[in-house]
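Treat the numbers as computed from the prediction; the structure is a model and nothing was measured.
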Amino acid sequence: MTVYAYLRVSTLEQDTEKNKLEILKFANDKRLGNVEFIERLGNVEFIEEKVTGKLHFRKRELGLLIERMGIDDILIVPELSRLARSITQILEILNLSKEKGFVLYSLKENFASNDKSITAVITSTIFALVAQLERDLISLRTKEALQAKKASGVKLGRPKGKKGKSKLDVYREKILYLVGLNVPKTVIARECDTTVGNLYNYLKTV
């Protein structure tokens, strides 16, 4: 078992010393053993990066960390928003914790991914509901935009008889990966800056 602590700050100057002390106290209270970090401070190592939460977690140090984590490993964060600003990304990380067998602790929300308590259940349910709402709003905005274009006389879709490269070709691997994770098409479309209709049409060609 390896225990990791992850701290992310934005490009603005922020003090993380308080978070470090809270994480160390939590690890000691839970008797989780030594907390591993990238940089060493005495006999403690910790992962800390200064980057905006808008950048996808897989493109950050966090993504590399999660890739190497395995069964019974532990990841501690001060709060879930340090993982990502997107609800869908946080849900993806929670899903990865289940698939890879590691435990995620968040101090602010008093959340543990392996906890069966009512608090953990409510937290997971709320995240799922917010994610569904986010997907529904994206779908609604997409439909409204398409209806507006259609009403103004704009012809939607690729002209008949014309074939060629799709602008989604650059996202091919990402799309197939997310589809394999059963991520909703509305979410994939947003991540690739396209419409759900275009995404479905593209999937027919790959």
Side-chain angles (χ1 to χ4, degrees), residues 1-134 177-178 181 183 187 191:
M1 179 188 74
T2 304
V3 183
Y4 299 93
Y6 174 76
L7 299 172
R8 179 187 64 77
V9 296
S10 67
T11 52
L12 299 176
E13 290 297 329
Q14 291 178 318
D15 184 15
T16 60
E17 291 305 312
K18 180 175 180 292
N19 291 144
K20 292 176 184 177
L21 293 176
E22 290 175 342
I23 287 174
L24 291 175
K25 182 179 184 305
F26 176 83
N28 288 331
D29 291 344
K30 290 284 187 179
R31 297 186 179 182
L32 300 177
N34 293 328
V35 180
E36 281 207 14
F37 297 92
I38 286 182
E39 296 180 359
R40 180 172 293 277
L41 179 63
N43 62 348
V44 177
E45 300 177 5
F46 53 93
I47 295 173
E48 184 176 1
E49 61 179 337
K50 182 180 290 186
V51 63
T52 175
K54 293 181 179 180
L55 185 65
H56 197 284
F57 80 89
R58 292 187 180 278
K59 296 181 180 179
R60 293 188 269 123
E61 194 69 44
L62 176 62
L64 297 176
L65 169 63
I66 290 176
E67 280 187 11
R68 68 172 183 264
M69 292 186 70
I71 296 176
D72 293 331
D73 284 345
I74 293 173
L75 174 60
I76 307 173
V77 294
E79 57 185 278
L80 291 172
S81 64
R82 296 297 87 194
L83 296 172
R85 289 189 182 179
S86 167
I87 294 294
T88 53
Q89 287 186 45
I90 294 176
L91 285 173
E92 185 178 350
I93 292 172
L94 290 175
N95 185 56
L96 286 171
S97 73
K98 293 180 181 180
E99 289 182 353
K100 297 174 69 67
F102 69 84
V103 181
L104 170 65
Y105 287 105
S106 178
L107 305 191
K108 182 177 180 180
E109 294 84 4
N110 191 28
F111 176 81
S113 61
N114 67 340
D115 191 358
K116 302 301 181 182
S117 69
I118 186 65
T119 300
V121 172
I122 291 175
T123 301
S124 297
T125 302
I126 289 175
F127 272 119
L129 289 173
V130 172
Q132 183 61 52
L133 177 60
E134 185 179 57
Y177 175 76
L178 293 176
L181 289 177
V183 174
V187 176
E191 292 286 336

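Residues Leu104 and Leu83 form a side-chain contact, since some pair of their non-hydrogen atoms from C-beta on lies under 4.5 Å apart. Taking 4.5 Å as the limit, every side-chain heavy atom of Glu22 sits out of range of all side-chain heavy atoms of Lys108. The shortest side-chain heavy-atom distance between Glu79 and Phe111 does not fall under the 4.5 Å cut-off. The shortest distance between side-chain heavy atoms of Leu96 and Phe57 falls below 4.5 Å. When side chains are defined from C-beta on, Leu75 counts as touching Leu62, because their heavy atoms get closer than 4.5 Å. Side-chain contact between Ile71 and Phe102 is absent, with no heavy-atom pair separated by less than 4.5 Å.
With rounding to the nearest 0.5 angstrom, the CG atom of Leu80 is 13.0 Å from the CD atom of Gln89. Here Ile76 contributes atom CD1 and Asn19 contributes atom CG; the two are 12.0 Å apart, rounded to the nearest 0.5 Å. Interatomic distance, Glu49 CD to Leu55 CG, rounded to the nearest 0.5 Å: 8.0 Å. For the atom pair OH (Tyr4) and CD1 (Ile23), the distance works out to 14.5 Å, reported to the nearest 0.5 Å. Interatomic distance, CG of Asn95 versus OG of Ser113, reported as 11.0 Å (0.5 Å rounding). Distance check: Ser106 OG to Phe26 CZ gives 9.0 Å after rounding to the nearest 0.5 Å.
Looking at Asn114, its side chain never comes within 3.5 Å of a backbone N or O of Val103 through a donor-acceptor pair.
In plain terms, the two heavy atoms of Arg82 and Arg8 that are nearest each other are NH1-O, 2.7 Å. Summarising the geometry of Ser97 relative to Leu94, their closest heavy-atom pair is OG-O, 2.5 Å, with the distance given to 0.1 Å.
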- request: Check the pair Lys20 / Glu48 against salt bridge (charged side-chain N to carboxylate O under 4.0 Å, His left out), numbers first and verdict last.
  value: CA-CA 10 Å; Lys20 292 176 184 177; Glu48 184 176 1; 3.5 Å; yes
task: Report the C-alpha distance between Glu191 and His56 in whole Å, list the side-chain angles of each, state the deciding distance to 0.1 Å, and finish with yes or no for side-chain contact (heavy atoms from CB on, under 4.5 Å).
output: CA-CA 10 Å; Glu191 292 286 336; His56 197 284; 4.2 Å; yes
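No more than 12 heavy atoms of other residues, nucleotides or ligands sit less than 6.0 Å from atom NZ of Lys25. The environment of CG in Leu21 is crowded: more than 12 heavy-atom neighbours from other residues, nucleotides or ligands sit within 6.0 Å.
Ion pair Arg58/Glu92 flagged as a salt bridge, since at least one NZ, NE, NH1 or NH2 atom sits closer than 4.0 Å to an Asp/Glu carboxylate oxygen.
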